[in-house]
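Step one of this worksheet: look at the structure below.
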Amino acid sequence: MKIPTTAPYGSWTSPLSAQRIAAGSRPLAAPQIDGGSVCWLEGLAAQGGRVAIVRGRVDRDERADGEGAIVTPPPFNVRSRVHEYGGGEMLADAGTLYFSNFADNLVHVQPPQGAPRALTADSSQRHADFALDRPRRRLIAVREDHAQPGREPRNSIVALPLAGGAGVELAAGADFYAAPRLSPAADQLAWLCWNHPRMPWEGSELWLADVGRDGLLARARRIAGGPGEALVQPLWSPRGELFVVSDRSGWWNLYRVQGDALEPVLPMAAEFGQPLWVFGQSMYGFTGDDEIVATFIEQGTSRLVRIDLARGSAQPLATPFTDIDELAAGPGYVVALVASPTQAQQLVRIAAATGAHEVLARSVDELPDASVVSVAEPISYPSADGRTAHAFFYAPRNDAFEAPAGERPPLVVMSHGGPTDMSTSALRLAIQYWTSRGIAVLDVNYGGSSGYGSAYRDLLRGQWGVVDVEDCVAGARHLAAQSRVDGARMAIRGGSAGGYTTLSALAFHDVFKAGASRFGVSDLAALDADTHKFESHYTSYLIAPPGPERERLYAQRSPSRHADGIGCPMIFFQGLDDKVVLPAQSEVMVEALAARGVPVAYLTFEGEGHGFRRQETIVRTLEAEASFYAQVFGFTLADAVEPVAFVGGRAPRAAGG
């Protein structure tokens with residue numbers, strides 16, 4: 001057995017280079033079964049970050065071949081900008097693909113043997129969440145119309161003729177629409193809708209209408225929902241029964257629509273749904289006429305269950321996965337995106353009868369050796385006001401190294417975005433990048449996160465910038481008190497809403513000695529002024545409704561108003577094409593810190609929006625952040641990286657030990 005080399009935390013040599021992480025990782029999304037094949041989306045960082053449709057085999061009685069072929073040629077980029085966050089970008093049917101192209105917002109159709117052609121012509125109209133109406137040879141979709149600059153875009157459900165043309169509006173009048181789902185007989189259409197100021201997880205409605213011979217809707221009626229009830233994932237069974245997921249019990253559970261009522265299918269203190277940030281979410285499907293396979297989240301961990309509707313029984317399906325999402329069902333099997341603490345995201349086929357699985361695609365070409373993999377440790381700890389917060393802790397791990405006696409590792413606390421998002425225990429190389437170098441990571445599911453029921457998610461109501469920050473601070477203090485990390489060398493990082501949590505933690509608390517913000521929100525009033533329609537009233541939930549109290553809270557909680565409270569070094573990363581959090585949000589903080597002589601670094605990226613997709617950007621941001629922590633926390637990186645430059649002053653070194 002090789003004796004480990006003694007070296008300070010942070011200075012360990014890691015096989016996980018930034019180049020390996022950027023080049024070897026292909027985000028997977030949106031699997032769909034199409035006959036004997038399965039289609040999915042892959043992010044191609046090496047091709048400028050474009051997203052392509054990939055097709056592979058998944059025949060029922062044959063082993064999947066484990067290989068997929070890219071079928072959408074460059075420069076097509078399969079992404080939608082409806083609600084800015086997109087989702088529901090493509091539909092596969094009988095070998096034909098329908099998809100939204102990011103560059104021009106046009107819907108394209110690609111036959112089995114042929115090139116894509118535009119189905120729509122107006123680039124001011126964005127489309128997503130497609131359903132095929134075969135008898136009428138049309139595509140049903142959610143439309144977001146930006147034809148009138150300066151005014152709020154108009155959302156509706158439309159039918160697009162496959163022969164081309166402007167399309168016909170089927171449903172309108174609500175502020176937002178999602179999930180148009182056509183019945184198997186094509187005689188009924190179900191959909192979701194909601195209105196300002198609510199976000200869809202605050203309250204939405206399930207509607208149902210008959211489809212007439214002329215293709216228009218008749219007898220449209222609300223089936224369920226309203227303020228205080230959030231519905232997701234309407235889906236028709238093969239027999240023509242409508243199902244939906246509702247949080248009316250305090251948990252997102254599965255229901256069958258019976259007339260104008262909802263009948264619970266499998267009541268559980270678990271989540272069969274997630275906040276509707278993107279279109280096309282799917283956590284259950286029909287593997288037979290009366291059989292559902294579903295994934296649910298229990299205390300932050302995903303599991304599978306097989307539901308026999310005829311017998312009214314349910315059977316758990318054992319798998320090695322702790323993160324199961326985006327499930328699509330075929331006869332006797334499902335395909336889903338899965339991961340575990342030792343396996344990065346994969347697309348797998350799972351047998352409904354046994355839970356046995358086969359891998360169809362991997363997001364990572366080569367997994368790191370187990371000797372450098374830090375396995376997520378779920379922890380719960382006390383936070384403010386008697387709350388219990390949840391997180392995943394990753395201790396430093398690299399069997400080739402050990403730290404000097406008595407040294408404790410630096411800590412990076414991660415605050416996820418959303419802020420109703422959820423961190424999981426899935427193996428992510430971007431976390432292992434830090435732990436394999438000797439840096440501990442705490443990935444926090446602060447109050448407001450999904451996966452723990454409605455009551456936990458609602459902890460952030462009116463408390464954004466308070467509860468999330470307190471839970472991140474409490475987690476860092478908890479680990480320092482246990483001597484698992486160095487309390488003098490703790491940093492916090494986050495993107496978007498997580499960037500706001502990061503900036504607030506630094507402005508209003510003195511626990512962290514460094515911070516990294518990726519397109520983080522710094523000015524709440526500016527966020528309202530600059531943001532898009534989908535989130536334009538979100539702060540009514542997160543902070544307060546419009547009025548004097550909200551103005552007071554904006555001033556109280558905006559980090560840009562309290563930049564003088566930040567005295568530690570910071571690094572900011574910003575995409576210059578970001579339409580969700582504009583570059584000005586980062587720039588105001590950089591200027592304020594630099595003016596006071598606080599060490600600050602600012603890296604911007606042309607062509608990047610809300611989230612970084614290009615290989616060169618991923619490499620540069622990882623290496624720059626590593627250089628930043630090395631300079632602040634006083635260790636020497638084993639990697640030869642370009643040092644990050646500070647504009648406000650030299651980075652002081654925190655006392656370690």
Looking at [Y], is its backbone amide N or carbonyl O close enough to the side chain of [X] to form a donor-acceptor pair, meaning the two atoms are under 3.5 Å apart?
X      : Y      : value
Ser100 : Arg79  : yes
Thr295 : Asp325 : no
Ser415 : Val444 : no
Gln574 : Val581 : yes
Arg20  : Glu366 : yes
Asp34  : Ser37  : no
Thr72  : Ile53  : yes
Ser80  : Val82  : yes
Ser11  : Ala7   : no

Does the side chain of [X] pick up a donor-acceptor pair with the side chain of [Y] at under 3.5 Å?
X      : Y      : result
Asp421 : His416 : no
Tyr98  : Glu89  : no
Thr420 : Trp277 : yes

Answer yes or no: is there an ion pair linking [X] with [Y], defined by an N-O contact shorter than 4.0 Å?
X      : Y      : value
Glu606 : Arg614 : no
Lys533 : Glu144 : no
Glu84  : Arg126 : yes
Asp530 : Lys579 : no
Arg362 : Glu42  : no

Using the side-chain hydrogen bond (donor to acceptor under 3.5 Å, both in side chains) rule, take Thr435 and Arg397 through it: C-alpha gap first, then chi angles, then the decisive distance, then the call.
CA-CA 6 Å; Thr435 56; Arg397 173 75 187 279; over 6 Å; no
Cation-pi check for Tyr433 against Arg437: NZ or CZ below 6.0 Å from the six-membered ring centre and within 45 degrees of the axis, yes or no?
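Pair Arg437/Tyr433 counts as cation-pi.
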Ignoring hydrogens, what is the shortest heavy-atom contact between [X] and [Y]? Give both atom names and the distance.
X      : Y      : result
Leu622 : Ala18  : CB-CB, 4.0 Å
Gln281 : Val278 : CG-O, 3.6 Å
Phe512 : Ala476 : CE2-CB, 3.7 Å
Asp129 : Ala178 : OD2-C, 3.7 Å
Pro368 : Val373 : CG-CG2, 3.8 Å
Ser560 : Val588 : CB-CG1, 4.2 Å

Using the six-membered ring wherever Trp is involved, compare the ring planes of [X] and [Y] and label them parallel, tilted or perpendicular (cut-offs 30° and 60°).
X      : Y      : result
Phe99  : His108 : parallel
Phe321 : His357 : perpendicular
Tyr629 : Trp434 : perpendicular

What's the verdict on ring pair (Phe, Tyr, Trp, His ring centres under 6.0 Å) for Tyr85 and His532, showing C-alpha distance, side-chain angles and the deciding distance?
CA-CA 10 Å; Tyr85 294 105; His532 50 104; 5.6 Å; yes
Please determine whether side chain to side chain contact (heavy atoms under 4.5 Å, CB included) holds for the pair Val359 and Leu347, giving the CA-CA distance in whole Å, both sets of side-chain angles, and the decisive distance to 0.1 Å.
CA-CA 6 Å; Val359 178; Leu347 176 65; over 6 Å; no
Would you give the length of the straight line joining atom [atom1] of [X] to atom [atom2] of [Y], rounded to the nearest 0.5 angstrom?
X      : Y      : atom1 : atom2 : value
Gln585 : Leu527 : CD    : CG    : 6.0 Å
Met90  : Trp40  : CE    : CH2   : 9.5 Å
Ile618 : Ile21  : CD1   : CD1   : 9.5 Å
Asp104 : Thr120 : CG    : OG1   : 7.5 Å
Asp471 : Tyr446 : CG    : OH    : 9.5 Å
Gln113 : Thr96  : CD    : OG1   : 10.5 Å

Beyond-backbone contact of [X] with [Y], side-chain heavy atoms, under 4.5 angstrom:
X      : Y      : result
Met283 : Ile324 : no
Thr501 : Pro419 : no
Pro15  : Val372 : yes
Arg349 : Val334 : no
Tyr602 : Glu587 : yes
Gln346 : Leu28  : no
Asn101 : Asn105 : no
Gln274 : Val232 : no

Please evaluate residues Arg613 and Val51 with respect to the criterion side chain to side chain contact (heavy atoms under 4.5 Å, CB included), reporting the C-alpha separation (whole Å), side-chain torsions for both, the decisive distance (0.1 Å), and the verdict.
CA-CA 9 Å; Arg613 297 173 179 270; Val51 178; 3.8 Å; yes
Audit row: Asp443, Arg428, side chain to side chain contact (heavy atoms under 4.5 Å, CB included) steps and yes/no
CA-CA 11 Å; Asp443 197 4; Arg428 284 176 286 164; 2.3 Å; yes
Checking salt bridge (charged side-chain N to carboxylate O under 4.0 Å, His left out) for the pair Arg457/Glu271: CA distance, chi angles, key distance, verdict?
CA-CA 12 Å; Arg457 192 173 70 246; Glu271 300 279 67; 3.8 Å; yes
From CA spacing to verdict: ring pair (Phe, Tyr, Trp, His ring centres under 6.0 Å), Phe519, Phe573:
CA-CA 6 Å; Phe519 35 87; Phe573 302 97; 9.2 Å; no
Output, in order, the C-alpha distance, side-chain angles, deciding distance and verdict of side-chain hydrogen bond (donor to acceptor under 3.5 Å, both in side chains) for Ser627 and Gln631.
CA-CA 6 Å; Ser627 170; Gln631 293 182 62; 3.1 Å; yes
Walk me through whether Ser14 and Ser436 qualify under side-chain hydrogen bond (donor to acceptor under 3.5 Å, both in side chains).
CA-CA 6 Å; Ser14 170; Ser436 62; 2.6 Å; yes
Take Gln432 and Ser374 through the side chain to side chain contact (heavy atoms under 4.5 Å, CB included) test and state the conclusion after the steps.
CA-CA 7 Å; Gln432 305 300 320; Ser374 178; 3.7 Å; yes
Stepwise side-chain hydrogen bond (donor to acceptor under 3.5 Å, both in side chains) check, Thr322 with Ser425
CA-CA 7 Å; Thr322 58; Ser425 61; 2.9 Å; yes
